[in-house]
Amino acid sequence: MEHVSLPQLSRVAICGGTHGNEMSGVYLVREMQKQMVDNSGSVSITTVLSNPRAVDACRRYIETDLNRCFTKGLLSDPITDSTPYELKRAQELNSQLGPKGSKEAVDLLCDVHNTTANMGLCLIFYSMDWITLHIYKYIQSKMTSTTVRVIQLDIPISEAYSLESVGKHGFAIEVGPQPNGVLRADIFNMVKEAVDLTIEWLQGFNSGSTFEGGEVEAYNLVRSVDYPRDPTTNEITAAIHPQLQDNDFKLLRPGDPMFQSFSGEMVKYEGEELYPFFVNECAYYEKKIAFHLAKKITLTFPPISVKKD
């Protein structure tokens, strides 16, 4: 692929607490604010505690999931007395960090999340974003003591529902396993290192360094799987099978154990070979998702450098 020159990435937002009980992002943002980290060389940093009411209550959200409120449609909805708090907050964040899709939006938005699933450190992004892929490749090359993966969601930015879609470029950092409302030093350290490396890459890019292109493996979301449910009560009738539990990103083949019913029967997987992730994520019970399934793909991206004036 031919070399690509892109504008400088000088305005960056680091967000945490979009879900108020995911503690790594909450404490990372608080520490950055305490240390008054608002610039780093060529990078101007805005730190944001995204959902302060939910953080104070140590709950995922107060009225509705903030990280599902950032579609262009929802961001343009009129505010009324009955508008949920999180939708009002989404529009405030869009005004502060966006507006989404505009030239005034921050150059890069990084939103830090935790998962209760055994996913290690993952970057999640929409469509094809060469900046995110270069940052991912850089983080992966530096964080050799842990597995770093990237997940791509094929959703147009206008329909993208999560906070990182407000920036010109953006990604979520998803790290686990970590229980809700709990802070683990090992998980926090992974998050901090990934954010520090992101800022380090941005400094190198802005200073004129050329980053070579290449290929990376990525996981592309195919579909979601719900728990088996009672057709009358809609209550779940099985749990994740022990052989699937904690095995995020391990290839799931037809006939492999998927669920174990409460009466002890095994439910086997049927379908094409795919990779499960967000396996038994606590917050997804209400969304009727037991896990997502992805195919592994190869993404190719070009060498890039900052555009010269």
Side-chain angles (χ1 to χ4, degrees), residues 6-20 22 24-26 28-29 32-33 37-39 43-55 60-79 83-114 122-136 150-174 191 194-195 198-199 201-202 205 221:
L6 297 171
Q8 188 174 30
L9 304 166
S10 56
R11 296 172 55 236
V12 176
I14 307 296
C15 303
T18 300
H19 294 136
E22 297 177 5
S24 295
V26 171
L28 176 69
V29 166
M32 292 179 76
Q33 291 174 343
V37 179
D38 54 10
N39 65 79
V43 181
S44 172
I45 301 171
T46 299
T47 50
V48 180
L49 206 58
S50 309
N51 194 336
R53 288 191 192 175
V55 170
R60 182 174 175 85
Y61 56 80
I62 300 301
E63 293 183 81
T64 192
D65 191 338
L66 176 60
N67 215 38
R68 299 296 183 271
C69 290
F70 292 94
T71 64
K72 279 205 166 181
L74 289 174
L75 291 174
S76 60
D77 275 355
I79 297 295
T83 299
Y85 160 69
E86 274 83 7
L87 187 51
K88 295 177 184 176
R89 182 62 180 149
Q91 295 195 11
E92 291 173 359
L93 290 166
N94 187 52
S95 296
Q96 179 186 0
L97 305 175
K100 181 174 180 173
S102 74
K103 64 180 181 180
E104 289 81 22
V106 294
D107 296 314
L108 179 72
L109 196 158
C110 172
D111 193 25
V112 178
H113 289 261
N114 290 122
C122 299
L123 273 62
I124 303 177
F125 74 109
Y126 294 99
S127 303
M128 178 64 79
D129 188 326
W130 292 335
I131 295 295
T132 296
L133 289 174
H134 272 280
I135 292 172
Y136 164 65
V150 69
I151 298 165
Q152 181 197 15
L153 309 177
D154 275 329
I155 301 173
I157 290 297
S158 62
E159 297 304 312
Y161 47 76
S162 49
L163 174 56
E164 67 270 16
S165 68
V166 170
K168 293 188 184 76
H169 306 276
F171 57 87
I173 294 178
E174 189 79 58
V191 169
V195 169
T198 298
I199 296 168
W201 185 90
L202 292 168
F205 174 78
L221 175 65

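In this chain, residues are counted from 1 in sequence order.
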How far does CD1 of I131 sit from CE of M128, to the nearest 0.5 angstrom?
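That separation rounds to 13.0 Å.
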
Shortest non-hydrogen contact from S24 to V112?
C-CG1, 4.4 Å

All heavy atoms of V195 vs all of I173, minimum pair found to be CG2-CD1, 4.0 Å

Partner set under ring-ring contact (aromatic ring centres under 6.0 Å, His included) for H169, not counting sequence neighbours
none

Qualifying residues under ring-ring contact (aromatic ring centres under 6.0 Å, His included), relative to F70, sequence neighbours excluded
none

Test salt bridge (Lys or Arg N to Asp or Glu O under 4.0 Å) applied to R11 - qualifying residues, sequence neighbours left out:
none

Donor-acceptor pair, Q91 side chain versus L74 backbone, under 3.5 Å?
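Yes; judged by distance alone, with no hydrogens or angles, the pair exists.
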
Set of residues satisfying side-chain contact (heavy atoms from CB on, under 4.5 Å) with respect to [X], sequence neighbours excluded:
{"X": "S162", "value": "N67, Y126, E164"}
{"X": "P99", "value": "N94, S102, E104"}
{"X": "V29", "value": "Q33, T47, L49"}
{"X": "V150", "value": "L123, F125, Y136, A218"}

Is there a donor-acceptor contact under 3.5 Å linking the side chains of H19 and N114?
no

Could you walk me through whether L163 and L66 pass the side chain to side chain contact (heavy atoms under 4.5 Å, CB included) test, one step at a time?
CA-CA 8 Å; L163 174 56; L66 176 60; 5.9 Å; no

What residue pairs, at least two apart or across chains, pass salt bridge (Lys or Arg N to Asp or Glu O under 4.0 Å) with a residue in residues 85-94?
R89-E92

Under the criterion side chain to side chain contact (heavy atoms under 4.5 Å, CB included), I'd like the reasoning laid out for C69 against Y161: C-alpha separation, chi angles, the key distance, then a yes or no.
CA-CA 6 Å; C69 290; Y161 47 76; over 6 Å; no

Taking only residues two or more places apart in sequence, or in another chain, which ones meet [X] in a side-chain hydrogen bond (donor to acceptor under 3.5 Å, both in side chains)?
{"X": "E174", "value": "none"}
{"X": "T198", "value": "none"}
{"X": "T18", "value": "S50, D111"}
{"X": "E63", "value": "none"}

